[in-house]
Amino acid sequence: MKAMRLRETTSLSQNPTPLLYKDMPEPKIGSGEVLIRVTRCGVCHTELDEIEGRMKLHLPIVLGHQVVGVLESDAQRQAVALQRGQRVGVAWIASACGKCPHCLAGDENLCAEFKATGRDIDGGYAEYMKVRADFVHPIPDSFSDSEAAPLLCAGAIGYRSLRLTNLQDGQSLGLMGFGGSNHLVLKLAKYKFPKSNIFVFSRNVEEREFALSLGAAWAGTIDQSPPEALDSVIDTTPVWGPVMAAMKCLRPGGRLVVNAIRKEENDKDVLLKMDYPSQLWMEKEIKSVANVTRADVREFLQIAVKANIKPEFQEYELKDANHALVEMKQGKIRGSKVLRM
Ligand SMILES: [Zn+2]
Ligand SMILES: [Zn+2]
């Protein structure tokens, strides 16, 4: 099979082709695993963190954790029978122990043995992948493969982020950054909280226009003030400036949810300028969101059907994955990027 494989971590600005297009043997499945013929795989900002060495990973590795494909064999997933030929997806969560207090409480995303697709096991930048049968998700018929792929990470983690804000209908929501995840959060929030106004912050004028076209009440740059104070904010940017800006915009008791697996180091010193009275006092909170659970993925897919949430996407050939990643690094994003096998 063909795959795009990462051999070593590197800086994407110095090395624009970190992934090698390679012939590899098809994965051999063990007991409880399924083989998937991959048709699409979404490209995520997390892949930049992996390539540039901001997280531990098992090298060499096939990246990709928004995988859509077809089952090559029958399988049993708990009580549910999965059939050969069925369309399924694989998300960031590839396995968890199932026995620890986090797993038993439904927080398998926090499990110490959490394994991630495309980080701890080979992912979907390939023609085939294998995974535990109980960690695949049937894809609803109303989505095409390319529409489904971005829902599996950006959508599911966006859903989790929105849940962690504790937003009530009518309360105001801010979105810092407007890439793959937050454009889905905007659609989701408009469905779940029709009385809420949504305020979008982005450095990119096209993204601001895109946000307004999707129904944002306001769109501005990160140093602009929105017309009202915000009950909660979701930050999906890779840097620290937006965290400082968001804390200034929050109402008393407001909460910032940081949806970023890693933050870059470049502008970290802005944190030293934090003004306690205006940015943290009055019971303002900062909470991060980590990983996703299988329930997040499945609940979000069901809501996405009802709310008719379909991501905007751009397709690339598998062998052009490096090009898609460089564009993402440069901030050339409109909707989500999807690889086609
Ligand atoms: Zn992702
Ligand atoms: Zn566990």
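Just follow the structure's listing: the first ligand is 1, and inside any ligand the first atom is 1.
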- Do K287 and E285 meet the salt-bridge criterion of a basic N to acidic O distance under 4.0 Å? no
- Query: T293 and N109: side chain to side chain donor-acceptor pair (under 3.5 Å), yes or no, with the steps?
  - Reply: CA-CA 5 Å; T293 65; N109 59 313; 5.7 Å; no
- From the list I121, T46, V90, side-chain contact (heavy atoms from CB on, under 4.5 Å) partner of H65 resolves to T46
- Query: Does C103 bring an N, O or S atom to within less than 2.8 Å of the Zn ion (ligand 2)?
  - Reply: yes
- Side chains of F199 and Q224 in contact at under 4.5 Å (non-hydrogen atoms): no
- Item | pair L188-I309: side-chain heavy atoms closer than 4.5 Å | yes
- Message: With a sphere of 6.0 Å drawn around CD of E8, does it hold more than 12 non-hydrogen atoms of other residues, nucleotides or ligands?
- Response: no
- To the nearest 10°, how many degrees is the angle C111 SG to the Zn ion (ligand 2) to C100 SG? 120°
- Query: Would F201 and W218 satisfy ring pair (Phe, Tyr, Trp, His ring centres under 6.0 Å), going step by step from the backbone distance to the final call?
  - Reply: CA-CA 9 Å; F201 302 77; W218 174 92; 5.2 Å; yes
- List-wise, which protein N, O or S atoms are found short of 2.8 Å from the Zn ion (ligand 1)? C44 SG, H65 NE2, C153 SG
